[in-house]
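These numbers come from a predicted model, not from an experiment.
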Amino acid sequence: SFPTRRSSDLKLTVVPAETSEEIVPNISKYANSQNKVSAADFFSNHPFHMRTESYSRRVYAPPAQGGSRQTRWFYERARGQYLVERAKLGAADRKRFDQEHPKSQLFAKTDLAKVELSFRMKPDTVSKGAQKNFAAFATEIGESWTANDRKYDETWFKRLVAKLVIFRALEKAIPRQEWYPGGYRANIVTYGIAKLVHDAEKRGKVIDLDAVWNAQGVPDGMIGCLLKACEAAADVITEPESGIRNITEWAKKQACWSSVARGQVDYGPGLENHLIEALEARTAERDGRRAAAAVSGIEAQAKVIELGGAFWERLRSWASPNRAFSLKDDGILKACSQQDRRLPSERQCVLAVDILARAREEGYFDDDEAPRIRITGRSRAH
């Protein structure tokens with residue numbers, strides 16, 4: 001239990017910092033049990049969403065075909081963030097914000113969930129609706145993050161955007177097809193994507209998402225193959241198994257996905273132009289992580305130098321009697337404090353920045369600190 005203070009208008013619960021990410025969403029959940037609050041409103045503070053938000057604020061997408069301006073894909077970790085950020089700005093800055101963050105490139109947690117699970121070949125789960133799908137996604141991400149959060153890096157984010165580009169392109173293209181039955185578009189999109197991913201996987205390949213990211217659009221040949229998969233999916237979705245009358249309910253069943261997955265689709269020879277070997281995709285992921293680590297090391301080294309040796313010596317003096325900091329931590333801080341003699345390595349600087357972050361969480365504050373560089377996904381404050 002946690003200390004709680006009550007008044008007629010306020011209930012204040014003091015939560016330990018180390019468990020806040022787990023506890024705060026549950027406090028909100030159970031406090032709002034009488035109100036209609038969606039599942040997606042919880043889980044906002046999970047590190048997965050914080051990191052995704054960070055990438056969305058700093059990673060520029062290449063100009064789309066025919067364009068010259070780089071833009072960002074704005075991720076709403078919490079509802080209304082886009083409008084709040086926009087409302088803070090003056091007229092000139094608001095115009096720049098609109099140019100850099102087009103409304104068409106705004107996406108929310110439920111959008112992320114349906115796109116990710118479509119590409120993870122779970123269209124039956126996606127078809128259960130935004131909230132149930134998000135709940136399943138949250139569980140899956142929680143487990144995956146615990147196992148290895150490093151895979152959710154900048155390369156992953158760029159490929160997530162590519163998936164959004166594909167998903168939205170299909171949403172626009174499907175209603176224009178002659179075979180379109182006039183309904184169930186959401187089901188057809190998720191099933192069509194899952195089908196192509198499944199068929200590519202059988203060939204030992206994956207969709208070339210990096211090409212979609214670089215173009216900020218879906219090549220005609222790729223959209224043609226996706227539409228063929230969607231057409232095959234539509235045939236299955238609109239003809240439920242005997243005994244099932246409701247098409248929407250049929251789309252929620254594993255049997256529906258199994259039937260779509262088993263079907264044969266003639267994509268023609270053009271499909272191979274839009275697939276890459278799975279090994280090649282994994283190599284690109286590793287290269288991206290190495291590049292990101294190099295940038296992080298350079299940034300950390302810049303921060304250590306900016307703060308100066310005296311700063312790190314003061315931090316070392318504060319941390320040395322604190323059991324939360326190890327002898328290794330002390331050695332790193334010592335190296336940074338003696339930077340005038342020998343510049344600490346990038347690796348040492350990365351660790352030093354991490355120690356500083358932990359110290360601040362423990363309440364550390366330096367009155368003599370020079371204006372510092374904040375190295376985050378959002379900004380650099382000087």
Side-chain angles (χ1 to χ4, degrees), residues 17-18 20-21 47-62 70 72 75 77 85 88 93 96-97 100 148-158 284-382:
E18 63 272 16
S20 62
E21 289 175 351
F48 167 81
H49 292 290
M50 306 284 277
R51 186 180 295 179
T52 304
E53 178 189 57
S54 174
Y55 286 135
S56 81
R57 303 301 191 268
R58 68 176 176 82
V59 176
Y60 279 96
Q70 290 185 307
R72 294 190 184 106
Y75 178 55
R77 179 175 60 84
E85 291 295 322
K88 292 178 183 176
D93 289 336
R96 189 180 305 113
F97 178 88
E100 290 190 355
N148 179 17
D149 70 285
R150 290 179 63 247
K151 66 184 178 182
Y152 296 102
D153 56 10
E154 189 170 310
T155 299
W156 168 83
F157 176 77
K158 291 177 179 179
E285 290 172 10
R286 288 195 294 270
D287 291 344
R289 284 177 196 140
R290 289 194 195 101
V295 171
S296 297
I298 293 168
E299 289 187 336
Q301 199 169 54
K303 178 169 185 175
V304 167
I305 294 169
E306 177 74 15
L307 290 170
F311 170 86
W312 296 104
E313 181 58 37
R314 290 193 298 272
L315 175 57
R316 184 188 177 202
S317 298
W318 179 89
S320 59
N322 191 321
R323 292 183 181 179
F325 299 90
S326 65
L327 287 175
K328 179 181 177 182
D329 293 335
D330 183 72
I332 294 295
L333 294 176
K334 181 179 180 181
C336 293
S337 70
Q338 297 176 349
Q339 58 184 265
D340 291 340
R341 302 180 194 173
R342 181 179 180 183
L343 190 66
S345 69
E346 289 182 13
R347 175 61 180 162
Q348 287 175 316
C349 291
V350 169
L351 293 172
V353 170
D354 179 65
I355 294 167
L356 175 57
R358 284 160 42 208
R360 293 199 193 284
E361 289 176 359
E362 293 284 328
Y364 175 71
F365 181 77
D366 188 339
D367 288 323
D368 298 323
E369 182 178 350
R372 65 181 185 271
I373 300 174
R374 290 177 55 221
I375 297 182
T376 69
R378 296 183 190 175
S379 63
R380 295 169 185 258
H382 296 267

Item to complete: Could you name each residue pair satisfying salt bridge (charged side-chain N to carboxylate O under 4.0 Å, His left out) that touches residues 326-335, not counting sequence neighbours?
Response: R316-D330, D329-R358

Item to complete: Verify side-chain contact (heavy atoms from CB on, under 4.5 Å) between I332 and W312, making sure each step is shown before the conclusion.
Response: CA-CA 9 Å; I332 294 295; W312 296 104; over 6 Å; no

Discussion item. Do Y75 and H49 make a side-chain contact, defined as non-hydrogen atoms from C-beta onward lying under 4.5 Å apart?
Written reply: yes

Practice prompt. Check I305 against Q339 and note the closest heavy-atom contact, atom names and distance.
Written response: CA-OE1, 3.4 Å

Worksheet item: Atom SG of C349 and atom CG of D354: how far apart are they, to the nearest 0.5 Å?
Response: 13.0 Å

Worksheet item: Looking at Y364, F311, F365, which one forms a ring pair (Phe, Tyr, Trp, His ring centres under 6.0 Å) with W318?
Response: Y364

Worksheet item: Could R72 and Y60 be counted as a cation-pi pair, given that NZ or CZ must be under 6.0 Å from the ring centre and within 45° of the axis?
Response: yes

Worksheet entry | Non-neighbouring partners of R51 that pass side-chain contact (heavy atoms from CB on, under 4.5 Å), sequence neighbours left out | Y55, W145, D149, Y152

Worksheet item: For Q70, what residues pass the side-chain hydrogen bond (donor to acceptor under 3.5 Å, both in side chains) criterion, not counting sequence neighbours?
Response: none

Worksheet item: Which heavy atom in C336 sits nearest to a heavy atom in V304, and how many Å separate them?
Response: SG-CG1, 3.8 Å

Item to complete: Check side-chain hydrogen bond (donor to acceptor under 3.5 Å, both in side chains) between T52 and all other residues, then give those that pass, not counting sequence neighbours.
Response: none

Worksheet item: Mind checking whether R58 and E154 have side chains closer than 4.5 Å, heavy atoms only?
Response: yes

Worksheet entry | Test side-chain hydrogen bond (donor to acceptor under 3.5 Å, both in side chains) applied to D93 - qualifying residues, sequence neighbours left out | R96

Worksheet item: Could you go step by step and tell me if E53 and R57 meet the salt bridge (Lys or Arg N to Asp or Glu O under 4.0 Å) rule?
Response: CA-CA 6 Å; E53 178 189 57; R57 303 301 191 268; 3.4 Å; yes

Worksheet entry | Closest heavy-atom pair and its distance - Q301, P344 | NE2-O, 2.8 Å

Worksheet item: How many angstroms lie between atom CG of L356 and atom CG of L351, to the nearest 0.5 angstrom?
Response: 12.5 Å

Worksheet item: In chain order, what residues pass the side-chain contact (heavy atoms from CB on, under 4.5 Å) check against S345, with sequence neighbours excluded?
Response: R347, Q348

Practice prompt. List the steps, then state whether side-chain contact (heavy atoms from CB on, under 4.5 Å) holds for D366 with L307.
Written response: CA-CA 11 Å; D366 188 339; L307 290 170; over 6 Å; no

